Amino acid sequence: MVSDPSAYLLGELDPAEAAAFERALESDATLRAEVERLRPVVTRLERLPAEAWEASEPPALSLPADAGEGSAAERVAAARRPRRLILRPLVAVACAVVLLAAGIGLGIWLDRNPSPSEQLALQPVGDVDPSASGKVSLASDGVNVRVSGLKPTGSGEFYELWLLGADKRLVGLGSFRVNDKGAATLTLPLPVDPKAFTYFDLSLEPADGDPGHSGVSVLRGPSAA
Amino acid sequence: MHDGSSGKMGRALASRDRAERRLAKRLARRDPEALRELYALHGRATFGFLVRVLGERSAAEDVQQQVFLEAWQRGERFDLQRGGLLTWLLQIARSRAIDQLRRRVPEPRDPAVAVALADRADESQLDELLEHWRMAGELARLPDEEADLLRRRFYLSQSQTEIAAATGLPLGTVKSRMVSGLRRLREALEGEW
C-alpha cells in the first residue's frame with residue numbers, strides 16, 4: 001500500500017519498501033504533505049511517557065457552592081479535618097501499654113543513634129499507599145534504614161535503596177525484602193557522601209538480573225538534613 | 001485524502017468543535033452540569049499532569065479542585081479562539097501547580113521535574129509535561145477503536161502486523177484506523193505546534 005504513510009512513519013517498512021515509498025513521496029506532493037503533517041504527531045506519541053497512557057483516576061469533583069453543592073473549599077477542608085478518635089476504656093489501656101512500649105523502644109533506639117536530628121524521612125512517591133513511610137539515618141558503619149507500610153515483596157522482586165543526584169546520577173546502596181507487613185529495618189553500607197546527592201530513593205525492583213533502577217520509585221526523601 | 005476519509009473526519013471534528021463551543025457556553029452561563037461534563041472530559045488529563053508535576057497525589061487532588069473551581073468562576077472568560085477547553089484547563093493547572101510548588105517547603109518529588117521547578121530555573125520542563133498531557137487528553141477523546149490501536153503501537157510497542165494478529169482486524173484496517181487516529185490528533189492539536 002504505497003499511499004499508506006503509517007508503516008513508513010512507524011518505521012515498519014523494510015529497506016526496499018521504504019525506498020519505494022520515498023520515491024512515491026518525491027512524485028506525490030499530496031502524499032508528501034500528508035507525511036509531513038503526521039510526522040510530528042508520531043514523534044510526540046513516541047515521546048509520551050508511560051503514565052500518560054495509564055493515567056490514574058481523578059478524585060470526585062467537588063462542586064462549588066453556587067453550583068448546587070457545598071463549596072470546593074469546604075469540601076477540601078472537610079476531607080482534611082482530622083477524624084475524632086474514640087477509645088473504649090480497655091482499648092485505651094491497651095493503647096497506652098503499646099505507646100509506652102513504643103516509647104521505651106524508641107528511647108533505646110535513639111540512644112543507639114545519638115544524632116536523631118540526622119534522621120531523614122522518606123515519603124511515598126506517586127500512587128504508592130500514602131501510609132507507607134521510611135526513615136534513614138547516617139551511622140558510622142553505613143546508613144540505617146527503617147521502612148513500613150510498603151507492599152510486601154513477592155517472589156521475584158525486592159526493594160533497593162539508591163542515592164539519586166539532581167543530574168540523575170544513581171548509586172545503589174543495597175537491596176532487601178520486607179516482611180508480610182511491609183516493614184524492614186536494616187543497615188546498608190554507604191560508600192559515597194550523601195551530601196553530594198539530592199535524594200535517597202527506594203525502588204521496587206524485579207529480579208530480572210538488570211542492575212539498573214527499575215524506574216518504579218516507592219519512597220523518596222532528601223539525602224541531607 | 002487517499003482513502004477518502006478526510007471529509008468524514010473533518011465533519012467529525014467540526015461536530016466536536018460545535019460540542020465544545022456549546023459546552024463552553026453552558027459553562028459561561030454557570031450550568032453545573034456543564035462543569036460535571038468538563039470534568040468527565042478532561043479531569044483525568046489535568047489530574048495526571050498535576051500528579052506528575054507535584055509528585056504526590058494528595059497535593060494534586062487539592063490543586064485539581066482549585067483548577068475546576070477556577071474554571072467554574074472564570075467560565076465566561078474562556079475564548080475558544082485561543083485554544084480548546086483542554087488547553088485552557090491545562091494552563092490553569094500549570095499556573096496553580098507553580099503556585100503550589102513555590103508556596104510549599106521543598107519536599108521529595110521527581111527530580112527530573114520538580115528540582116528545576118523548585119529552583120525556578122527551567123519551566124520549559126513543565127511545558128513539556130503540559131504537552132504530554134494535552135496529547136493524553138486528546139487521545140482520550142479519540143474513538144475507542146483508534147485510541148486502542150495507537151495505544152498498542154506506541155505504548156505496548158506492537159507492530160501493525162502484531163496488532164492485526166492480536167485484534168483479529170485485517171492489516172489494512174489497522175493501517176487505515178491508525179492513520180485516521182493520527183490525522184484526528186493532528187487536527188485537534190493544530191495551531192499548537
Side-chain angles (χ1 to χ4, degrees), chain A residues 1 3-7 9-10 12 30-31 33-34 37-38 40-42 44-59 61-64 66-69 71-73 75-76 79-80 121-127 130 164-168 198-199 201 217 219-222, chain B residues 1-3 30-32 35-36 39-40 43-48 51-52 55-58 60-62 64-66 68-69 72-73 106-112 115-116 128-129 131-133 135-136 139-140 150-151 153-155 159-161 172 174-176 178-179 182-183 185-186 189 193:
Chain A
M1 187 190 270
S3 62
D4 167 36
S6 66
L9 284 166
L10 298 175
E12 295 188 10
T30 309
L31 180 60
E34 171 82 333
R37 273 172 54 79
L38 299 185
V41 183
V42 170
R44 284 177 67 168
L45 287 170
E46 286 171 340
R47 291 177 182 165
L48 209 55
E51 70 262 22
W53 294 99
E54 295 287 356
S56 49
E57 191 67 30
L61 172 66
S62 296
L63 284 175
D66 54 350
E69 296 180 23
S71 76
R75 284 171 176 274
V76 169
R80 286 175 163 178
L122 306 182
Q123 296 182 1
V125 175
D127 289 335
L164 173 60
D167 54 357
K168 300 184 187 176
T198 309
Y199 297 114
D201 180 275
S217 293
L219 294 175
R220 190 174 294 155
Chain B
M1 55 183 291
H2 288 267
D3 58 9
R30 300 174 77 77
D31 172 358
L35 186 64
R36 289 194 189 91
Y39 197 79
R44 189 177 287 258
T46 55
F47 187 62
V51 169
R52 184 69 178 81
E56 55 177 289
R57 188 180 172 93
S58 60
E61 287 179 353
D62 285 353
Q64 171 90 338
Q65 302 296 350
Q66 293 172 26
F68 281 84
L69 178 63
W72 171 253
Q73 292 167 338
E107 52 189 67
R109 295 184 296 273
D110 188 332
V115 168
E128 188 180 344
L129 277 179
E131 290 306 312
H132 288 327
W133 287 100
M135 177 62 92
L139 274 166
L150 293 176
R151 183 176 183 280
R153 178 61 184 83
F154 291 98
Y155 180 50
S159 69
Q160 292 182 321
T161 307
V174 170
K175 288 173 180 288
S176 61
M178 204 169 273
V179 170
L182 292 173
R183 286 179 186 154
L185 286 175
R186 171 71 208 205
L189 298 164
W193 309 96

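Since the model is a prediction, treat every value here as computed from it, not as a measurement. To find a chain, count down the sequence lines: A is the first, B the second, and so on, and within it residues start at 1.
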What are the two closest non-hydrogen atoms of A:Ser62 and B:Gln65, and how far apart are they?
N-OE1, 3.0 Å
So, the part of A:Leu10 with a heavy atom under 4.5 Å from chain B: the answer is both
Heavy atoms of B:Phe47 and A:Glu57 approach each other most closely as CE2-O, 3.6 Å
Closest non-hydrogen atom pair, A:Pro58 against B:Tyr39:
CB-OH, 3.7 Å
Test A:Leu48 against every option in B:His132, B:Arg151, B:Glu131 by the side chain to side chain contact (heavy atoms under 4.5 Å, CB included) rule and name the one that passes.
B:His132
Under 4.5 Å heavy-atom distance to chain B, tell me which part of A:Pro130 shows up: side chain, backbone, both or neither.
neither
Would you say A:Arg37 and B:Arg183 make side-chain contact, with heavy atoms under 4.5 Å?
no
CZ (A:Arg44) and CD (B:Glu128) are apart, to the nearest 0.5 Å, by 10.5 Å
Contacting moiety of B:Gln160, where chain A heavy atoms sit under 4.5 Å:
both
Please classify the contact of A:Glu51 with chain B as side chain, backbone, both or neither, using a heavy-atom distance under 4.5 Å.
both
Between atom CD of A:Glu12 and atom NZ of B:Lys175, what is the distance when rounded to the nearest 0.5 Å?
6.5 Å
Minimal non-hydrogen separation, B:Trp133 against A:Ala52, with atom names
CH2-CA, 3.5 Å
I'd like to check the salt bridge (charged side-chain N to carboxylate O under 4.0 Å, His left out) partners of B:Arg30; sequence neighbours left out, ordered by chain and number.
A:Asp66
Side-chain contact test, heavy atoms from C-beta onward, threshold under 4.5 Å: evaluate it for A:Leu45 versus B:Leu182 and give yes or no.
yes
At a 4.5 Å cut-off on heavy atoms, which part of B:Leu35 comes close to chain A: side chain, backbone, both, or neither?
both
Does any heavy atom of chain B fall under 4.5 Å from the side chain of A:Glu54, the backbone, both, or neither of them?
side chain
